[in-house]
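See below for the structure under consideration.
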Amino acid sequence: MANPLYDRLFARHIGNAKPFLTLPDGCNLSYDSFLKKAAQFAHVFTAAGLAPGDRVAVQVAKSPEALAIYAACAQAGLIFLPLNTGYTAAELAYFVENSGARIIICDASVQMSLSPVASAANAELQTLNADGSGTLADQAQNMPEQYPTIPRTKDDLAALLYTSGTTGRSKGAMLTQRNLLSNCLTLVECWRFTKDDVLLHALPIFHTHGLFVATNIILAVGGRMRFLPKFEPDQIIAHLPDATTMMGVPTFYTRLLNDPRLTKKLTGNMRLFISGSAPLLTDTHEEFKARTGHEILERYGMTETNMNTSNPYNGERRAGTVGFALPDVELKITDPDTGKPMPVGEVGQIEVRGPNVFTGYWQMPEKTAEELRPSGFFITGDLGKIDADGYVHIIGRGKDLIISGGYNIYPKEIEEMLDAQPGVLESAVIGVPHPDMGEAVLAVLIAQKDQAPDIPAITAAISKSLARFKHPRHYEILPQLPRNTMGKVQKNALRDTYKDTFP
Ligand code: MLC
Ligand code: AMP
């Protein structure tokens, strides 16, 4: 019986002694050892009573074992639910409750704080630490190294990835085996990956970019990853000469450009640098080319869709654009009011359709219906245009979203928290240009009559429930918010006023 995702990406490597991951200490982990570890994890999940279709919530540091949980889920027919390590227990409680996860895997350091979350959701709690130790590893070590793969179809769910919305709570994007497989095989072709590639992997593995785009491609071709715990310039510089490819958010590239060690010689072995998740500035593209001779290839994707467009491997990689729709993806620009296609060169909302597009939001049929048309087109919430040569330009966002260092931050969530603080009448949260993160979070507060908001107290209060990367990096206190005649806060005016806050 078949399990398309496991069979195509993993099963073919069973018994393969080739290195899959090269770890920071220089040791290699072979494909075979990795898959044995995954099979043992799959046995632990089955022994815990998990059945195909159950959700496995994972909030752990990046490690080979963390990645093996993804493989274990694929093999056991479970739905992988990775979570940002920055999320607080309060944030996690929502994902666990909403997804109905049967098991939570976390670092031992947060076991105590997550214990009530697990109890409330009637979920089992296991630990997995950055060094691979923990209760999951303890239970796995005596398990068999082979696992009878659970049959699945391409329409079965492989992963649930949460993504926030402009209004309401985060939504779990349901991704099927077909979504993941089709996109990775398309990208292998477009970006010419082969078994000889060595990917410098410094992205987190709880998002589409580092998880599916990077990892699935390497698994599909049988290549190798230099698996780094996080982006750290010294490590990147040390390992560039041994690598052939790297995927990163724009912050990776601006930070590398700030390092005088980045030269043509250092990158001589590289064949491809890829950027995405946030806009790459034309200046960055050009400076990188001047310094290294490499033209960064920019592509455009989303949690709900995996990758949609890419600049060409051969041909002009046009700075400031995200290239062309991928071969099996249809992309159109439509009028936000009527949904009708816009003429070439005019700005409208970006819609996409293809085997990469998710099947809907977990248990949220109304939200799904708002964004996924019956025709199969998904309304991305991004604004863009297609130029006369067919290149897609992302011009802005219809959705109120901040992208900081490649992490999405939804102002509404922060505004609700700020509004509830003593002395705060109301607030507006915006993204402003930031030289390192692309955008940074700035909060504008309106004080209640005769009161002065206490910023350190506010920061301390929100820290309890809001991941650090979402915290405002700067506060302004104003007498009132600028509003249009309809009473809507004019965030554009605020963004303009504070655009030079972080020079
Ligand atoms: C860390 N911090 C951030 C942050 N990352 N703040 C805002 N935005 C971020 N992205 C904060 C920390 O809380 C900390 O705060 C301080 O910055 C330093 O932390 P750090 O851990 O040392 O940061 P660093 O390792 O330098 O991380 C920066 C980064 C990282 C840009 C390398 O965030 C990163 O790897 N981003 C990639 C995100 C990603 O993979 N996105 C893909 C989404 S998928 P303090 O004040 O406590 O010191 C997607 C679809 C698609 O979008 O198309 O790909
Ligand atoms: P996420 O919801 O985390 O998957 O983030 C997806 C969003 O990131 C998209 O809707 C875009 O707004 C943005 N994005 C991804 N790639 C690019 C890119 N190359 N340029 C500009 N924005 C991008």
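Just so it is clear, the model here is predicted, and its values are computed rather than measured. All values below were derived from every heavy atom in this structure, side-chain atoms included, with hydrogens, water molecules and symmetry-related copies excluded. Both counts, for ligands and for their atoms, begin at 1 and track the order of listing.
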Please check whether [X] reaches ligand 1 - meaning an N/O of the residue sits under 3.5 Å from an N/O of the ligand, judged on distance alone.
X: V249; value: no
X: T303; value: no
X: H207; value: no
X: G406; value: yes

Any atom of ligand 1 sitting under 4.0 Å from a heavy atom of [X]?
X: R255; result: yes
X: R299; result: yes
X: R473; result: yes
X: P204; result: yes

For [atom], is the nearest protein heavy atom under 4.0 Å away?
atom: atom 36 (N) of ligand 1; result: yes
atom: atom 29 (C) of ligand 1; result: no
atom: atom 26 (O) of ligand 1; result: yes
atom: atom 18 (C) of ligand 1; result: no

If we set the cut-off at 4.0 Å for heavy atoms, which region of [X] has an atom near ligand 2: side chain, backbone, both, or neither?
X: D382; answer: side chain
X: P279; answer: both
X: T208; answer: neither
X: S275; answer: neither
X: K399; answer: side chain

Below 3.5 Å, N or O to N or O, backbone or side chain included: is there any such pair between S277 and ligand 2?
yes
- Task: May I ask you to check if ligand 2 and Y410 share an N or O to N or O distance below 3.5 Å?
- Result: no
Please check this pair: side chain of [X] against backbone of [Y], looking for a donor-acceptor N/O pair closer than 3.5 Å.
X: R473; Y: F502; result: no
X: R192; Y: V188; result: no
X: Q177; Y: D156; result: no
X: E330; Y: R353; result: no
X: D197; Y: R224; result: no

Measure the shortest side-chain to side-chain distance between V444 and Y498 over non-hydrogen atoms and say whether it is less than 4.5 angstrom.
yes
inquiry  = Once you measure the plane-to-plane angle for H294 and F273, does it fall in the parallel (<30°), tilted (30-60°) or perpendicular (>60°) bin?
reply    = perpendicular
| said: Can you classify the ring geometry of F469 versus Y407 as parallel (below 30°), tilted (30 to 60°) or perpendicular (above 60°)? | reply: tilted
Checking heavy-atom distances from atom 1 (C) of ligand 1 to each of E439, H471, M437, the winner is M437
Looking at S277, G438, S275, P250, the heavy atom closest to atom 42 (C) of ligand 1 belongs to S277
Should the pair [X]-[Y] be classified as a salt bridge under the 4.0 Å nitrogen-to-oxygen rule?
X: D259; Y: R291; value: no
X: R397; Y: E439; value: yes
X: E91; Y: K470; value: yes

Note: ligand 1 atoms sitting under 4.0 Å from heavy atoms of H209 are 42 (C), 44 (S), 54 (O)
Here the gap from T208 atom OG1 to N356 atom CG, rounded to the nearest 0.5 Å, amounts to 11.0 Å
Output for pair (Q421 CD, L445 CG), nearest 0.5 Å, gives 9.5 Å
Taking 4.0 angstrom as the limit and counting only heavy atoms of [X], give me the atoms of ligand 2 inside it, by number and element.
X: M302; value: 4 (O), 6 (C), 9 (C), 10 (O)
X: T303; value: 1 (P), 2 (O), 3 (O), 4 (O)
X: I403; value: 8 (O), 12 (O), 13 (C)
X: I394; value: 20 (N), 21 (C), 22 (N)
X: T163; value: 2 (O)
X: E298; value: 18 (C), 19 (N), 20 (N)
X: N408; value: 1 (P), 2 (O), 3 (O), 5 (O), 6 (C)

NZ/K154: more than 12 non-hydrogen atoms of other groups inside 6.0 Å: no
Would you say the rings of Y94 and Y87 are close, in the sense that their centroids are separated by under 6.0 Å?
no
Give a yes or no on whether the ring-centroid distance for F20 and F10 is below 6.0 angstrom. no
Below 4.0 Å from ligand 2: does a non-hydrogen atom of R299 turn up there or not?
yes
Geometric cation-pi criterion, R318 with F324: 6.0 Å, 45°: no
Closest to atom 23 (O) of ligand 1 among protein heavy atoms sits K230 NZ, 4.5 Å
